[in-house]
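What follows is a short report on a single structure.
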Amino acid sequence: MHPTEESQQAIWQVIAAIPESRVATYGQIAAMAGQAGKSRWVGQLLSRLPRETRLPWHRVVNASGRITNPNFDLQQARLIAEGIEPRGGRVLLKDHQWRP
DNA sequence: CCTATGACCATAG
DNA sequence: CCTATGGCCATAG
């Protein structure tokens with residue numbers, strides 16, 4: 001099955017809605033976009049974002065709170081700029097995960 | 001159609 | 001904490 005245009009927008013929309021100083025997991029985003037189980041696809045879409053995108057891609061971490069983005073330094077710097085303190089490349093979901 | 005490759009995840013050891 | 005395993009979805013060759 002190939003993804004539809006709306007399914008992509010739904011993912012982007014959820015990511016765009018992540019509040020500042022909060023993070024969301026790949027799986028969480030997929031579920032909130034009505035596509036539970038497609039966490040892998042979320043990562044794929046993020047990897048294709050244009051460099052100048054305004055989407056807060058830096059607020060996305062894995063289920064363990066780990067920063068898995070290839071551009072680790074930039075993501076960590078952006079999180080710190082928002083007041084989040086990653087420890088050993090990891091964000092404490094207990095304190096910073098977005099829970100609408 | 002098949003295999004390989006990911007910014008994934010849950011579970012088990 | 002770590003690695004291994006099986007499952008997941010989409011894309012590229």
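In what follows, chains are A, B, ... by sequence order, proteins preceding strands, each numbered from 1. When reading the values below, keep in mind they use all heavy atoms of this one structure, side chains included, and skip hydrogens, waters and symmetry mates.
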> Can you name the closest pair of heavy atoms from A:R66 and A:G88 and give their distance?
Replying inline: NE-O, 4.2 Å
>> Whole angstroms only, please: what is the CH2-P distance between A:W57 and B:dA7?
In response: 13 Å
>> So for atom CD, which belongs to A:E85, do other residues, nucleotides or ligands contribute more than 12 heavy atoms lying within a distance under 6.0 Å?
In response: yes
>> At 4.0 Å (heavy atoms only), tell me whether A:N69 reaches a base, stays on the sugar-phosphate, or touches nothing.
In response: base
>> What is the distance, to the nearest angstrom, from the CD1 atom on A:I11 to the P atom on C:dA10?
In response: 10 Å
> Expressed in angstrom and rounded to an integer, what is the separation of A:M32 atom CE from B:dC8 atom C1'?
Replying inline: 18 Å
> Salt bridge or not for A:E82 and A:R22, using N-O below 4.0 Å?
Replying inline: no
> Of the nucleotides C:dT11, B:dA7, C:dC9, which one has an atom closest to the side chain of A:K38?
Replying inline: C:dC9
>> Taking the nucleotide of DNA chain C with the nearest heavy atom to each, does A:R40 or A:R48 sit closer to the 5' end?
In response: A:R40
> Side chain of A:R90: nearest nucleotide among B:dA7, C:dC1, B:dC9?
Replying inline: C:dC1
>> Without decimals, in angstroms, what is the distance between A:I29 CD1 and B:dC8 C1'?
In response: 11 Å
> Can you tell me the Watson-Crick or wobble partner of C:dG13, both distances under 3.5 angstrom?
Replying inline: B:dC2
>> When the P atoms of B:dA7 and C:dG13 are compared, how many Å lie between them, rounded to an integer?
In response: 16 Å
>> I want to verify a distance call: between C:dA10, B:dA7, B:dC8, whose nearest atom is closest to the A:L46 side chain?
In response: B:dA7
> Among A:T68, A:V61, A:L45, whose side-chain contact (heavy atoms from CB on, under 4.5 Å) with A:Y26 holds?
Replying inline: A:T68
>> Between P on C:dC8 and CG on A:L45, what's the gap in Å once rounded to a whole number?
In response: 20 Å
>> From OH of A:Y26 over to P of C:dC9, roughly how many Å is that when rounded to an integer?
In response: 18 Å
> Which nucleotide, B:dA10, B:dA7, B:dG6, lies nearest any side-chain atom of A:S47?
Replying inline: B:dA7
> Where the side chain of A:H2 is concerned, which of C:dA10, B:dA10, C:dT11 is the nearest nucleotide?
Replying inline: C:dT11
> At their closest point, which heavy atom of A:R59 faces which heavy atom of A:P19, and how far apart are they?
Replying inline: CD-O, 3.4 Å
>> In this structure, how many angstroms lie between the C1' atom of B:dC8 and the CD atom of A:Q44, rounded?
In response: 11 Å
>> Output the rounded distance in Å from CD (A:Q28) to P (C:dC8).
In response: 22 Å
>> Any base atoms under 4.0 Å from A:P3, or only sugar-phosphate, or nothing? Heavy atoms, all strands.
In response: sugar-phosphate
